[in-house]
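Everything on this sheet refers to the single structure shown next.
Quick note on labels: first sequence line is chain A, next is B, and so on, each numbered from 1.
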Number of protein chains: 2
Amino acid sequence: MPIPRAAQTQRRTRIQEEKEEQILEAALDVFSQNGFKGATIDQIAEVAGMSKPNLLYYFRTKEAMHRALIERVLDTWLDPLRAFDAEGNPESEIRSYIRRKLEMARDYPRESRLFANEVLRGAPLIEDELKGPLKQLVDEKAEVIRAWAKAGKIAKCDPYHLIFSIWSTTQHYADFDVQVRAVLGQEKDGDGRFEDAARFLEQLFMGGLSIRA
Amino acid sequence: MPIPRAAQTQRRTRIQEEKEEQILEAALDVFSQNGFKGATIDQIAEVAGMSKPNLLYYFRTKEAMHRALIERVLDTWLDPLRAFDAEGNPESEIRSYIRRKLEMARDYPRESRLFANEVLRGAPLIEDELKGPLKQLVDEKAEVIRAWAKAGKIAKCDPYHLIFSIWSTTQHYADFDVQVRAVLGQEKDGDGRFEDAARFLEQLFMGGLSIRA
DNA sequence: CAATAATTTGACCGTTTGGTAAACATTACA
DNA sequence: TGTAATGTTTACCAAACGGTCAAATTATTG
């Protein structure tokens with residue numbers, strides 16, 4: 001048989017592992033910068049260092065590539081929120097959640113932009129993920145926050161919007177990086193802006209939740 | 001002469017005004033949802049209710065359309081920040097800035113997404129605007145905030161990151177609307193989420209800046 | 001109303017794009 | 001080592017795309 005596509009085989013060969021990894025790495029580069037429609041298979045193939053048909057041997061369509069990429073990244077993307085611990089104390093939990101999210105914006109900006117692009121155009125590929133697993137996870141953590149508020153450990157506030165605001169403020173430094181750099185100017189060009197942001201955001205959220213440091 | 005392009009003429013006819021308006025309105029729809037590369041001229045023409053060559057009679061290229069659109073929108077987009085008044089008192093100024101930005105996210109989500117798309121892909125068209133006029137405006141307002149902090153009217157904080165955090169938290173409700181809806185579920189489907197968001201954000205920023213309400 | 005300028009359209013063009021077919025090369029394994 | 005499965009490449013296709021052109025239509029004005 002001439003066409004046993006990689007995706008159809010039962011066991012994955014060493015080559016499959018390597019090449020798929022290579023492709024997804026390249027795809028992350030291209031998709032995150034140009035969005036789904038803006039990215040071309042040729043571009044991804046070039047970055048991955050292989051021919052277009054070879055690439056399509058591993059992923060049958062552009063959409064299949066995008067889907068595989070997003071699903072893989074989504075999983076690790078939510079790790080910080082999953083680490084949010086009901087048993088811990090509010091201050092350190094919220095503090096470290098902000099810090100982790102900010103570190104992800106600094107260290108994995110492509111992943112952040114990939115999501116931003118996807119959500120911006122209506123999240124056609126991950127709608128179910130958002131309404132299902134994501135909502136469930138957020139519901140769970142929102143309950144934790146609400147309990148903290150009820151116990152008087154933090155100020156009463158809407159836990160959902162608290163989570164949204166942590167997401168947005170931290171991811172801003174990845175998604176709007178160009179704008180942030182432009183406004184801050186060249187003097188603050190290294191990763192110093194992340195430290196400043198961390199300091200500010202801690203102050204903002206600790207104060208906003210009436211937690212004195 | 002057969003081709004006196006609209007853009008080249010000295011005076012604008014009534015028809016030119018109307019059609020260019022029509023086109024930019026349609027372009028806003030399409031560009032904001034699909035990004036620059038993802039949008040097609042045919043799509044815009046269809047939404048605008050005219051033929052593709054007719055559209056290209058008013059804007060010679062897709063990029064010209066995009067540029068015209070972005071420049072026009074950018075101007076009104078910064079109005080809330082411009083309204084930021086050094087003479088006013090910190091509490092009401094920051095409060096109303098947040099409120100205005102949130103209203104814009106609610107009432108002009110397409111404009112917000114247009115920018116998000118543009119900045120996400122590196123802002124090739126507005127790089128100069130960002131580094132010039134925008135930076136200048138932000139610098140100016142940052143100085144106002146810094147003065148407030150120095151006078152003890154608000155807590156000491158990095159004014160740039162304060163502005164970034166207001167931008168990100170408010171625009172989040174336009175740019176990530178799909179995600180917000182998915183997480184909040186259907187029960188909170190009307191514009192109620194904006195009121196909740198406004199309440200939360202006021203609490204967050206007033207507390208974060210040590211302003212008691 | 002005539003004539004000139006402005007606007008609109010259908011047909012078309014070259015390029016880019018996502019994807020395929022089939023021949024060729026390599027690897028894994030009996 | 002031979003052979004079947006896996007992997008790679010060259011050449012190609014149809015559709016979509018940005019944009020052009022000349023002809024037809026409509027609006028403006030002397």
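Listed nucleotides C/dT7, D/dT8, C/dG19 differ in distance to B/Asn54; the shortest reach to its side chain belongs to C/dT7. Across D/dG18, D/dT10, C/dT9, the shortest atom-to-atom separation from the side chain of B/Asp42 is found for D/dG18.
Heavy atoms of A/Ala39 sit under 4.0 angstrom from primed sugar atoms or phosphate atoms, though from no base atom. Heavy atoms of B/Thr40 sit under 4.0 angstrom from primed sugar atoms or phosphate atoms, though from no base atom.
In this structure, CD1 of A/Ile44 is placed 12 Å from P of C/dT17, rounded to the nearest angstrom. To the nearest angstrom, P of C/dG18 lies 4 Å from NZ of A/Lys62. Rounded to an integer number of Å, the gap from A/Ile41 CD1 to C/dG18 P is 5 Å. B/Lys37 has its NZ atom 11 Å from the P atom of C/dG18, to the nearest Å. Per the geometry, CZ belonging to B/Phe59 stands 16 Å off C1' belonging to D/dG18, to the nearest Å. For B/Leu55 and C/dT9, the CG to P distance is 11 Å, given to the nearest whole Å. What separates CZ of A/Arg67 from P of C/dG18 is a distance of 17 Å, to the nearest Å. In this structure, A/Lys52 atom NZ and D/dT10 atom C1' are separated by 12 Å, rounded to whole Å.
Residues from residues 114-127 of chain A with heavy atoms under 4.0 angstrom of DNA chain D: there are none.
Residues meeting the side-chain hydrogen bond (donor to acceptor under 3.5 Å, both in side chains) test with A/Glu21, sequence neighbours left out: A/Arg72.
In summary, B/Arg82 and B/Asp75 engage in a salt bridge, as defined by a charged side-chain N under 4.0 Å from a carboxylate O. Ion pairing between A/Asp196 and A/Arg193 fails under the 4.0 Å rule for side-chain N and carboxylate O. B/Arg67 and B/Glu63 are joined by a salt bridge, as a carboxylate oxygen and a charged side-chain nitrogen come within less than 4.0 angstrom of each other. A/Glu195 and A/Arg199 are not joined by a salt bridge, as no carboxylate oxygen comes within less than 4.0 angstrom of a charged side-chain nitrogen.
Under 4.0 angstrom from either OP1 or OP2 of D/dT8 there lies at least one side-chain N or O belonging to A/Tyr58. A sub-4.0 Å separation between OP1 or OP2 of D/dT8 and a side-chain N or O of A/Tyr57 is absent. For the pair A/Ser51 and D/dT8, the criterion of a side-chain N or O lying under 4.0 Å from OP1 or OP2 is not met. At D/dT6, none of the side-chain N or O atoms of A/Gln16 fall inside 4.0 Å of OP1 or OP2 (strictly under the cut-off).
Side chain A/Lys19 to base D/dG7: no donor-acceptor pair is found below 3.5 Å.
When the options A/Gln136, A/Lys141, A/Lys135 are evaluated for a side-chain hydrogen bond (donor to acceptor under 3.5 Å, both in side chains) with A/Asp139, the one that passes is A/Lys135.
Aromatic ring orientation, A/His66 versus A/Phe31: tilted (interplanar angle from 30° to 60°).
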